[in-house]
Amino acid sequence: MADDAVARITKGYTFEGATLDLGDLVVEGAPVPDARIRIPLSMLNRHGLVAGATGTGKTKTLQMLAEQISAAGVPVFAADMKGDLSGLASPGEPSEKVLARTKALGQGWRPAASPVEFFALGGQGQGVPVRCTMTAFGPTLLSKVLGLSEVQESSLGLVFHYADQRGLPLLDIADLRAVLGYLTSDEGKAELKELGGLSSATVGVLLRELIGFSDQGADLFFGEPEFQTSDFLRTTSDGRGVISLLELPNLVDRPAVFSTFLMWLLADLFHDLPEVGDLDKPKLVFFFDEAHLLFADASKAFLQAIAQTVRLIRSKGVGVFFITQSPTDVPDEVLAQLGSRVQHALRAHTPNEAKALKQTVDTYPTSSYDLAQVLQNLGIGEAVVTVMDPNGAPTPVAWTRMYAPQSLMAATPPDVLARGIAASSLMAKYGQAVDRDSAQEMLARKVEQGAQAAQQEAEAQAQAEAQARQESEARAEPREPERRAPEPRSRAHTKSVIEEVAQSSVFKQFVRSAGREIVRGIFGTARRR
């Protein structure tokens, strides 16, 4: 590489204000410490992508970025797919290899731990339990998890709307199953008909899918207390950002569940955070690992929701980095919004991999590199980098040898992990599950009350029929020849008249309407969307 090209790249990565140091420019196979590759801290909310084949160093890059972001006073959220990121809580271990690499880079490496809070979905695994209610999760994300068609997704939306209108809190899977079961029962068929566009067959499909979802262990993810995503926005007393690591065990068994749950966390942040515009540093940086799982087999509506969330959440001060194997795993609508790119090595051993390589090269700015060759020849811990400068323009493409993390490049020892979790102040807030009155209990009472009312109506009808027979028999008896003064009506006769009025269809409809409106009013104030 010519000296003028090195100078141009060096100038392109020289910024005013706070930055994160990614690594050094590589020239003729060796790092150039004076040509440092950086990313402005203020541009992290323009989002980014970390990509590369398995074993090329994506996780170490994520770890190194999280350390520096935390040190700059910005909270971090990341999903710990393999347990490797837990090493952020422990200082790194020096070795000849690490010291030789960091010395060549001029990194000034020293062992250091970061402040880390550990979380686990629904308490599955080690960490503070993270739960959400079924209502908060919503029909769109749930449809993605269940693999529903667009028609079925629309039908599920009607069911959520029905529960909202009826004031039926959907806290867990059992609540949603109870609503679906009620709508297909004799008691709820009339209300199902009122929904429109929702058939009994579709409800049956939804019930079957929910049963399968429960069998995957998803019951633990839904419920209360619902996690407040504002608890991810914390700093320590010395000003460092807390790194929140969400443990995701058994990812292979439930990939869509975990990736979609992460999308809920991001959507919830978007809903709760105020507009802040461009800041000197973001309020949170969200790392979305194994991003291809989120987009696989997603409906058009789901992809549109993701693209809109990513586009708008930067104005809330949140930066999002997607981590995946190839940029082609990310839809164009989302990829176009990722201002920073850290591309580790790509393979081209198959026709599909060769096609993905070409597509990746086409997404980079024009450079002096033969990127198709460079991307295949990158070493472990090396990447092709371009970021967005403070003026919103892409920086020159730079072959970069990435810095090493200063924390432990392995899982934190179990005893250290257990002590950290036990000392968490959030355990008192989220540690114990709560099971309050919700749709399942409410509908059970409604059905029971309906059965009791039906029984009482049947008994009253039987009494009325018996009374009518007695009166008919009395009228058939011979009358006295003399005329007598009319006697006052008996109590039995007066009761009979009242019963006839009570049993009339007009009176019954009045009672049912009044009762229904009262129940709806009470339930409606219990929880609103």
Side-chain angles (χ1 to χ4, degrees), residues 13-24 33 36-48 50 57-80 84-94 98-99 101-103 105-119 231-246 278-289 317-321 323 340 342 381 383 385 387-388 390 400-410 412 416-417 420 424:
Y13 287 90
T14 302
F15 311 112
E16 294 183 0
T19 61
L20 306 181
D21 292 333
L22 301 180
D24 292 345
R36 186 158 295 178
I37 306 303
R38 303 178 175 92
I39 179 173
L41 184 64
S42 62
M43 301 306 287
L44 290 181
N45 70 335
R46 300 303 178 95
H47 313 316
V50 179
K58 295 192 303 296
T59 301
K60 299 301 178 287
T61 293
L62 193 161
Q63 189 171 346
M64 177 266 294
L65 287 172
E67 289 175 351
Q68 293 191 56
I69 294 169
S70 170
V74 178
V76 175
F77 171 88
D80 193 2
D84 296 344
L85 290 178
S86 65
L88 281 161
S90 301
E93 296 178 349
V98 169
L99 294 176
R101 177 186 176 93
T102 55
K103 182 178 179 181
L105 291 170
Q107 183 179 352
W109 185 91
R110 61 179 180 81
S114 298
V116 178
E117 185 81 68
F118 296 95
F119 297 91
D231 283 325
F232 289 145
L233 308 176
R234 294 186 298 146
T235 56
T236 61
S237 57
D238 60 356
R240 292 183 295 169
V242 174
I243 300 175
S244 300
L245 292 184
L246 179 65
D278 292 327
L279 303 172
D280 291 336
K281 62 182 181 182
K283 299 176 71 173
L284 174 73
V285 177
F286 195 103
F287 288 99
F288 212 126
D289 203 358
V318 176
V320 183
F321 276 72
I323 296 89
S340 299
V342 179
V385 175
V387 304
M388 185 174 286
T400 306
R401 186 162 295 172
M402 308 297 288
Y403 282 170
Q406 297 185 119
S407 55
L408 184 64
M409 288 186 276
T412 286
V416 177
L417 185 67
S424 171

- Item | CG (Asp280) with more than 12 external heavy atoms under 6.0 Å | no

Without swapping roles, check the side chain of [X] against the backbone of [Y] for a donor-acceptor pair under 3.5 Å.
X      : Y      : answer
His47  : Phe321 : no
Asp80  : Ser86  : yes
Thr235 : Gly239 : no
Arg234 : Asp231 : yes

Is the closest side-chain heavy-atom distance between [X] and [Y] below 4.5 Å?
X      : Y      : value
Leu245 : Glu117 : no
Ser42  : Phe15  : no
Leu44  : Lys281 : no
Val116 : Val242 : no
Phe287 : Val76  : yes
Gln63  : Ser407 : yes
Pro115 : Ser70  : yes
Lys283 : Leu279 : yes

Separation of [Y] [atom2] from [X] [atom1] (nearest 0.5 Å):
X      : Y      : atom1 : atom2 : answer
Ile69  : Leu41  : CD1   : CG    : 7.5 Å
Leu65  : Lys60  : CG    : NZ    : 13.0 Å
Arg110 : Leu99  : CZ    : CG    : 14.0 Å
Leu88  : Phe118 : CG    : CZ    : 8.0 Å
Asp289 : Leu246 : CG    : CG    : 11.5 Å
Arg101 : Met402 : CZ    : CE    : 9.0 Å

- Message: Evaluate Val50 against Leu62 for side chain to side chain contact (heavy atoms under 4.5 Å, CB included), listing each step before the verdict.
- Response: CA-CA 8 Å; Val50 179; Leu62 193 161; 5.9 Å; no

- Task: List the steps and the verdict of side chain to side chain contact (heavy atoms under 4.5 Å, CB included) for Val318 and Val285.
- Result: CA-CA 6 Å; Val318 176; Val285 177; over 6 Å; no

I need the minimum non-hydrogen distance between [X] and [Y], along with the two atoms involved.
X      : Y      : answer
Gly106 : Asp24  : N-OD2, 4.5 Å
Ala404 : Thr102 : CB-CG2, 4.0 Å
Ile243 : Ala66  : CD1-O, 3.7 Å
Pro405 : Trp109 : O-NE1, 2.7 Å
Pro40  : Val387 : CD-CG2, 4.3 Å

- Query: Between the side chains of Tyr403 and Arg36, is a donor N or O closer than 3.5 angstrom to an acceptor N or O?
  - Reply: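 A donor-acceptor contact under 3.5 Å links the two side chains.
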
- Message: Please tell me whether Thr412 and Ser90 have a donor and an acceptor in their side chains that are separated by less than 3.5 angstrom.
- Response: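 On atom types as modelled, these side chains qualify, holding a pair under 3.5 Å.
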
- Task: For the pair Arg38 and Asp21, find out whether any cationic side-chain nitrogen is under 4.0 Å from an anionic carboxylate oxygen.
- Result: yes

- Message: Could you walk me through whether Val98 and Met409 satisfy the side chain to side chain contact (heavy atoms under 4.5 Å, CB included) test, starting with their C-alpha distance in whole Å, then the side-chain angles of each, then the deciding distance to 0.1 Å, before giving a yes or no?
- Response: CA-CA 10 Å; Val98 169; Met409 288 186 276; 3.8 Å; yes

- Query: Quick one: are the ring centres of Phe232 and Phe286 less than 6.0 Å apart?
  - Reply: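 No: the rings miss the under 6.0 Å criterion.
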
- Might you work through the side chain to side chain contact (heavy atoms under 4.5 Å, CB included) test for Tyr13 and Thr400, ending with a clear yes or no? CA-CA 12 Å; Tyr13 287 90; Thr400 306; over 6 Å; no

